[in-house]
Protein chains: 2
Amino acid sequence: MNIGNASDKSGLPAKTIRYYEDIGLLKPDRADNGYRDYSMSDVHKLRFLQRSRGLGFSVEECRQLLALYEDKSRASADVKSIAKSKLQEIERKIIELRELQHTLKHLVAHCHGDQRPDCPILESISGTAGSS
Amino acid sequence: MNIGNASDKSGLPAKTIRYYEDIGLLKPDRADNGYRDYSMSDVHKLRFLQRSRGLGFSVEECRQLLALYEDKSRASADVKSIAKSKLQEIERKIIELRELQHTLKHLVAHCHGDQRPDCPILESISGTAGSS
DNA sequence: GGTAATCTTTCCAGTAACTGGAAGGTCAAG
DNA sequence: CTTGACCTTCCAGTTACTGGAAAGATTACC
């Protein structure tokens with residue numbers, strides 16, 4: 001499939017997909033006319049990248065995650081140790097998102113925007129009373 | 001407190017804190033010697049920024065979140081509608097993180113790195129069999 | 001078959017969000 | 001009163017895109 005189609009299915013702009021190719025993240029086939037030709041597997045990987053980038057992983061981290069995703073020949077211990085450290089990071093991100101969620105819900109529920117100078121939320125936000 | 005201290009407490013590099021000041025996200029007091037002087041409230045906000053950035057929100061989105069955080073005078077409906085749309089985004093991110101977590105756990109549990117050409121994970125990854 | 005619209009290609013420049021480093025001022029310790 | 005660890009501003013470089021030009025390919029219509 002052409003890049004426009006892959007873009008629609010992955011949620012990534014065509015520009016970004018070409019950029020990911022430039023930096024060696026994903027190399028699609030080429031059709032006889034020179035057009036890039038994406039397989040469904042490529043599209044899955046693009047969607048995977050779209051998600052991980054949106055969740056705050058850097059491109060280099062995404063490269064690692066993609067390597068895990070694509071793993072076909074690396075040593076088990078190696079793969080597992082990277083996966084485990086990524087899992088810890090994911091766990092942390094989920095917790096932080098829950099705290100942010102809690103804070104915003106609290107705001108929606110309790111702050112009425114009626115010119116009050118101090119909001120009780122300020123106490124609980126930014127992990128001051130929720131983590132570490 | 002000085003910027004180095006604020007940096008330690010917020011987890012943001014001093015460089016980044018100065019950059020956030022440049023773009024108008026957070027304006028600390030200045031001591032008589034010209035040094036930036038951060039209050040605990042400033043540090044909370046920096047930590048808040050550190051987290052939201054790490055969770056994949058853009059600086060402009062963080063500006064909105066910070067405005068919610070700081071809200072003291074805006075109309076309730078306005079604040080609530082922004083907060084609600086951010087809550088949806090957070091909900092989505094949590095779901096995506098859970099799926100990523102599930103995928104990686106599956107990888108750690110079932111892929112042994114023993115040269116196998118196709119991993120069963122490929123089916124379930126990237127939301128193909130888990131969402132939408 | 002012609003041609004206009006809509007792809008696609010590469011390349012180069014611009015933006016967003018930092019990041020590093022130079023040149024110099026400030027401060028606490030010995 | 002100097003040494004070292006801070007801090008300041010400024011300017012240049014990096015990462016991760018993003019927009020736009022110029023040109024080739026494909027499809028859609030007459």
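Protein chains get the first letters and strands the later ones, always in sequence-line order, with residue 1 at the start of each. Atom set for the values below is all heavy atoms of this structure, side chains included, hydrogens, waters and symmetry mates excluded.
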Among D/dC7, C/dC18, D/dA16, the one nearest A/Val59 by side-chain distance: D/dA16

Inspect the contact between A/Lys93 and A/Glu96 and indicate whether a charged nitrogen and a carboxylate oxygen are less than 4.0 angstrom apart.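 Salt bridge: no.
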
Report, one line per pair, each donor and acceptor closer than 3.5 Å where one atom sits in a side chain of residues 15-28 of chain B; sequence neighbours left out.
from, atom 1, to, atom 2, distance (Å)
B/Glu21, OE1, B/Arg36, NE, 2.5
B/Glu21, OE2, B/Arg30, NH2, 3.2

D/dC7 phosphate, OP1 or OP2: any side-chain N/O from B/Asn33 under 4.0 angstrom? no

Nearest-Å distance, CD1 (A/Ile17) to C1' (D/dC17)?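 Going from A/Ile17 (CD1) to D/dC17 (C1'), I get 13 Å.
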
Using a heavy-atom cut-off of 4.0 Å across all strands, would you classify B/Arg36 as base, sugar-phosphate, or nothing? sugar-phosphate

Between A/Ile3 (CD1) and C/dT10 (C1'), how many Å, whole number?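 To the nearest whole Å, that distance equals 12 Å.
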
Below 4.0 Å: OP1/OP2 of D/dC17 and any side-chain N or O of A/Tyr20: yes

For a quick test of reading the model: is some side-chain N or O of A/Thr16 closer than 4.0 Å to OP1 or OP2 of D/dT18?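 The answer is yes; a side-chain N or O of A/Thr16 sits under 4.0 Å from OP1 or OP2.
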
From the list D/dA16, D/dC7, C/dT9, which nucleotide is the closest neighbour of the side chain of A/Tyr19?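 Looking only at side-chain atoms, A/Tyr19 lies closest to D/dA16.
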
Between A/Tyr35 and A/Pro13, name the one whose nearest nucleotide on DNA chain D is closer to the 5' end.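 Result of the comparison: A/Pro13.
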
Provide the closest heavy-atom pair for A/Ala14 versus A/Ser7 in the form atom of the first, atom of the second, distance.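 Reported closest heavy-atom pair: N-OG, 3.7 Å.
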
Would you kindly give the CG-to-C1' distance between A/Leu49 and D/dA16, to the nearest whole Å? 13 Å

If you compare every side-chain N and O of B/Arg30 against the phosphate oxygens of D/dT9 (OP1, OP2), does one of them come in below 4.0 Å? yes

In terms of the nearest nucleotide of DNA chain C, which residue is placed more toward the 5' end: A/Asp37 or B/Ser58? A/Asp37

Please report, rounded to the nearest Å, how far the P atom of C/dT9 is from the CG atom of A/Asp22. 12 Å

Report the distance from atom CD of B/Glu60 to atom P of C/dA17, rounded to the nearest whole Å. 6 Å

Walk me through it: do B/Arg92 and B/Gln88 pass the test side-chain contact (heavy atoms from CB on, under 4.5 Å)? CA-CA 6 Å; B/Arg92 187 182 49 74; B/Gln88 283 181 15; over 6 Å; no

Between B/Gln50 and B/Arg47, does any side-chain donor sit less than 3.5 Å from a side-chain acceptor? yes

Tell me: NZ of A/Lys15 to C1' of C/dC11, nearest whole Å? 9 Å

D/dC17, OP1 or OP2 - any side-chain N/O from A/Arg53 closer than 4.0 Å?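 Answer is yes, contact under 4.0 Å.
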
Round to the nearest Å and state the distance from B/Leu25 atom CG to C/dA16 atom C1'.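 From B/Leu25 CG to C/dA16 C1': 13 Å.
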
If I take atom CG in residue B/Leu12 and atom P in nucleotide C/dC18, what distance separates them, rounded to the nearest angstrom?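 For the pair B/Leu12 CG and C/dC18 P, the rounded distance is 8 Å.
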
